[in-house]
Amino acid sequence: MPELPEVESARQVVEAGGLHREIADVDDTDTYECRPHQPGDLRTALVGRSLTAAHRQGKSMWCDTSGDGPALGIHLGMSGRIVITSPEGERVVGGDYEGTPKVPRVAKDEWYRFTLTFADGGTLRLLDKRRLGRVRLDPDLSALGPDAEHVGREEFRERVGKGTAPLKARLLDQSVVAGIGNLLADEVLWRAKLDPRRPAGELRTSELDELRRQLRAGIRHAVKHGGVHTGEVIPHRASGEHCPRCGAPMVRATVGGRTTWWCSQEQGTL
DNA sequence: CCATATGTTAAAAG
DNA sequence: ACTTTTAACATATG
């Protein structure tokens with residue numbers, strides 16, 4: 001689930017409750033989640049330090065550490081959430097799946113893939129049911145494009161409006177613009193009334209500007225209301241559903257390698 | 001058993 | 001050489 005809005009939520013949770021607490025122990029024994037590190041690598045690097053700041057670019061987040069230590073990179077993958085507990089055991093969850101009824105309220109212990117135990121007795125854990133998330137030291141973010149929430153108009157035009165790949169594939173490419181996932185892409189394309197299948201390079205400048213406008217609006221809405229699931233068209237990504245604006249049938253196909261839904265009338269310009 | 005899933009990326013194809 | 005597409009990754013669920 002985690003796309004830019006959820007990762008921002010997770011980042012805020014870490015910023016509010018995970019900083020300046022001494023790290024007393026680290027469980028980095030999940031060798032897939034912590035790839036390519038070996039068990040003990042993260043523990044050795046982090047014990048005795050504390051997190052001092054939480055950053056995000058696109059769907060990647062990382063924390064600075066005290067004493068000039070390495071950055072702690074966290075990627076939530078397809079199902080990651082951050083769970084922080086206070087010394088008294090109170091839980092705060094970041095990047096939660098608002099509106100997804102399938103996620104059980106109580107997680108199984110084995111879904112916790114990485115744990116920082118603080119000297120005060122609390123913890124910061126990565127809860128990742130599908131195990132495609134990642135924790136690593138000094139993550140390489142050089143391949144990421146500018147953050148989707150802050151990319152400028154000129155840069156957006158140049159990066160998104162080129163190539164023969166479908167517009168949606170272009171939006172999902174994290175090296176073009178970072179932070180857009182499958183649901184947010186559908187939401188934003190619907191808001192901008194653009195056909196996801198159109199070759200990105202064929203868009204007019206006015207269409208790219210409107211797309212960026214709706215991208216920012218869609219992100220703001222999702223951050224404010226609790227995740228990409230709160231988007232207007234998201235509940236209508238299902239067979240038999242209709243466009244909440246015009247009532248025309250929603251249609252489905254694979255675009256950019258991902259299941260894609262769009263309004264057959266307003267976005268059917270191909 | 002089959003299909004699907006909010007992400008990334010290496011490999012293959014063009 | 002560069003861009004685009006596909007498959008694989010690990011796991012859960014309907």
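A note on names: the letters A, B, ... follow the listed sequences, proteins ahead of strands, and every chain is numbered from 1.
Residue A:H75 has a polar side-chain atom (N or O) positioned under 4.0 Å from OP1 or OP2 of B:dT8. Listed pair A:S79 / B:dA5 fails the phosphate criterion, with no side-chain N or O lying under 4.0 Å from OP1 or OP2. Of the side-chain N and O atoms in A:K129, none sit less than 4.0 angstrom from OP1 or OP2 of C:dA12. Remark: A:R258 is not in phosphate contact with B:dA5, judged by side-chain N or O atoms under 4.0 Å from OP1 or OP2.
Across the protein-nucleic acid pair, A:R237 atom CZ and B:dA5 atom C1' stand 10 Å apart, rounded to whole Å. Rounding to whole angstrom units, CG of residue A:D109 and P of C:dT11 are separated by 16 Å. The interatomic distance linking A:R81 (CZ) with C:dT11 (P) rounds to 17 Å, in whole Å. Straight-line distance from the CD atom of A:Q174 to the P atom of B:dT9: 9 Å, rounded to whole Å. Atom CE of A:M78 and atom C1' of B:dG7 are 6 Å apart (whole Å). Taking atom CH2 of residue A:W261 and atom C1' of nucleotide B:dT4, one finds them 12 Å apart after rounding to whole Å. As a whole-Å value, the separation of A:R35 CZ from C:dT11 C1' is 13 Å. Rounded to a whole Å, the CG atom of A:L132 is 14 Å from the P atom of B:dA10.
At least one donor-acceptor pair under 3.5 Å links the side chain of A:D128 to the backbone N or O of A:L132. Judged by distance alone, with hydrogens and angles left aside, the side-chain atoms of A:R237 form a donor-acceptor pair with the main-chain N or O of A:T259 at under 3.5 Å. Under a 3.5 Å cut-off, the side chain of A:R81 and the backbone N or O of A:V93 do not form any donor-acceptor pair. A donor-acceptor contact shorter than 3.5 Å links the side chain of A:R245 to the backbone of A:W190. No side-chain donor-acceptor contact under 3.5 Å links A:T115 to the backbone of A:D27.
No path of Ile, Leu, Val, Met, Phe, Trp and Tyr side chains, each step under 4.5 Å between heavy atoms, connects A:V83 with A:L51, placing them in separate hydrophobic clusters.
Between the P atoms of C:dA1 and B:dT9, the separation comes to 23 Å (whole Å).
Using a 4.0 Å heavy-atom distance criterion, A:P199 is classed as making no nucleic acid contact. If you check every strand for non-hydrogen atoms under 4.0 Å, A:R252 touches sugar and phosphate atoms only. In this structure, A:R130 reaches the bases: a heavy-atom distance under 4.0 Å links it to at least one base atom across the strands shown. Contacts of A:G181 with the nucleic acid, taken as non-hydrogen atoms under 4.0 Å apart, involve only primed sugar atoms and P, OP1 or OP2. Within 4.0 Å of A:R170, counting heavy atoms only, lie sugar-phosphate atoms of the nucleic acid but no base atom.
Each of B:dG7, C:dT11, B:dT8 was ranked by its minimum atom distance to the side chain of A:E3; first place goes to B:dG7. In this structure, the nucleotide among C:dA10, C:dT5, B:dG7 sitting nearest to the side chain of A:P166 is C:dT5. Looking at the side chain of A:Y32, the nearest of the listed nucleotides C:dA10, B:dG7, C:dT4 is C:dA10.
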Bracket string, DNA chain B, 5' to 3' - pairs by Watson-Crick or G-U geometry under 3.5 Å, | interstrand: .||||.||||||||
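For the residue pair A:S66 / A:T52, no side-chain donor-acceptor distance below 3.5 Å is found, with atom types taken as modelled.
Using a 4.0 Å cut-off between charged nitrogen and carboxylate oxygen, A:R56 and A:D147 count as a salt-bridge pair.
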